[in-house]
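Below is one structure, written out as structure tokens, with a few remarks after it.
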Amino acid sequence: TQLLEQSPQFLSIQEGENLTVYCNSSSVFSSLQWYRQEPGEGPVLLVTVVTGGEVKKLKRLTFQFGDARKDSSLHITAAQPGDTGLYLCAGADSSASKIIFGSGTRLSIRP
Amino acid sequence: NAGVMQNPRHLVRRRGQEARLRCSPMKGHSHVYWYRQLPEEGLKFMVYLQKENIIDESGMPKERFSAEFPKEGPSILRIQQVVRGDSAAYFCASSPSQGGHYGYTFGSGTRLTVV
């Protein structure tokens, strides 16, 4: 069974600080995605990474896919209160019939 | 250009009743996925359907749960004889192709409460 572990589970930081969230697995994924979920809503896709070592930037967010395609990180620069939410990593499973999700990192940014 | 539509948003059922959750995928998307989310947890895969076919139901409990995606109309997740443990948020997602390599579009979910 492919599993994705995220760390930390919870993170509360001051506005303006930087942070990194990690997503790790012992399995190789053909692609990996990051989603953000706000209370009472469904997850919203932020990015998909496909190639080992790939780095993608989305404004203040930087996403990296590990060389071996087993792990990924999300780095946020100068966090803002609007970044608050549940961040989920997800990978296409070996059968390629579905994506599986990590347990999430709940991020809180204090003004 | 409506996204994935789920209804109802909130559903309250007494133990032993049936719950029916509906999902209309994005226009042009023929692949539908159902996930369940418990409070403070990630999403757990339940079932993957294409029009009139169940492709992968490995995450679906063997009893009381069923899903369909008819040729016409929305996908339905049906839970018979609900129990308190079924209380959760149920999310539907759709994609234009199999595998999810390019990500899914999720609905806003149905929050089921069993009393």
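Here is the naming used below: chain letters follow the sequence lines, and residue numbers restart at 1 for every chain. Remember, it's a predicted structure, so these values are computed and weren't measured experimentally.
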Query raised in the report: Do B:F69 and B:I76 belong to the same hydrophobic cluster, where Ile, Leu, Val, Met, Phe, Trp and Tyr are linked whenever their side-chain heavy atoms lie under 4.5 Å apart, directly or via other members?
Result: no
**Report entry** Within one Ile-Leu-Val-Met-Phe-Trp-Tyr cluster: B:I54 and B:M60, side-chain cutoff 4.5 Å
**Finding:** yes
Query - NZ/A:K57: more than 12 non-hydrogen atoms of other groups inside 6.0 Å - result: no
Report task. May I ask you to check whether over 12 heavy atoms, not counting those of B:Q50, lie within 6.0 Å of atom CD? Result -> yes
Query raised in the report: Mind checking whether B:L38 and B:V83 sit in one hydrophobic cluster, side chains of I, L, V, M, F, W, Y counted as touching below 4.5 Å?
Result: no
Requested in this report: Please say whether more than 12 non-hydrogen atoms of neighbouring residues, nucleotides or ligands are located less than 6.0 Å from CD in A:Q9.
Outcome: no
Query raised in the report: Above 12 or not: heavy atoms from other molecules or residues under 6.0 Å from CD of A:Q14?
Result: yes
Query raised in the report: Looking at NE2 of B:H31 and NZ of A:K98, how far apart are the two atoms once the value is rounded to the nearest 0.5 Å?
Result: 15.0 Å
Query raised in the report: B:Y35 versus A:I100: any side-chain heavy-atom pair under 4.5 Å?
Result: no
Query raised in the report: Considering only heavy atoms, which portion of A:Q6 lies under 4.5 Å from any heavy atom of chain B: side chain, backbone, both, or neither?
Result: neither
Query raised in the report: So, for B:F45 and A:F101, is the gap between ring centers shorter than 6.0 Å?
Result: no
Requested in this report: Can you tell which part of B:S58 gets under 4.5 Å to a heavy atom of chain A, answering side chain, backbone, both or neither?
Outcome: side chain
**Report entry** Transitive ILVMFWY side-chain link B:Y90 to B:M26, under 4.5 Å
**Finding:** no
Query raised in the report: Under a 4.5 Å heavy-atom cutoff, which of A:S103, A:G42, A:P43, A:G104 has the most pairs with chain B?
Result: A:P43
**Report entry** Side-chain heavy-atom pair B:Y104, A:L45 within 4.5 angstrom cut-off
**Finding:** no
Query raised in the report: Which atoms of A:L86 come close to chain B, meaning under 4.5 Å heavy atom to heavy atom: side chain ones, backbone ones, both, or neither?
Result: side chain
Requested in this report: Please determine, among B:K44, B:Q6, B:Q37, the option with the most heavy-atom pairs under 4.5 Å with chain A.
Outcome: B:Q37
Query raised in the report: When you look at B:L43 and A:Q37, which way does the side chain to side chain contact (heavy atoms under 4.5 Å, CB included) test go after all the steps?
Result: CA-CA 11 Å; B:L43 280 78; A:Q37 185 180 21; 4.2 Å; yes
Query raised in the report: Between A:E41 and B:R111, which heavy-atom pair has the shortest distance, and what is it?
Result: N-NH2, 3.6 Å
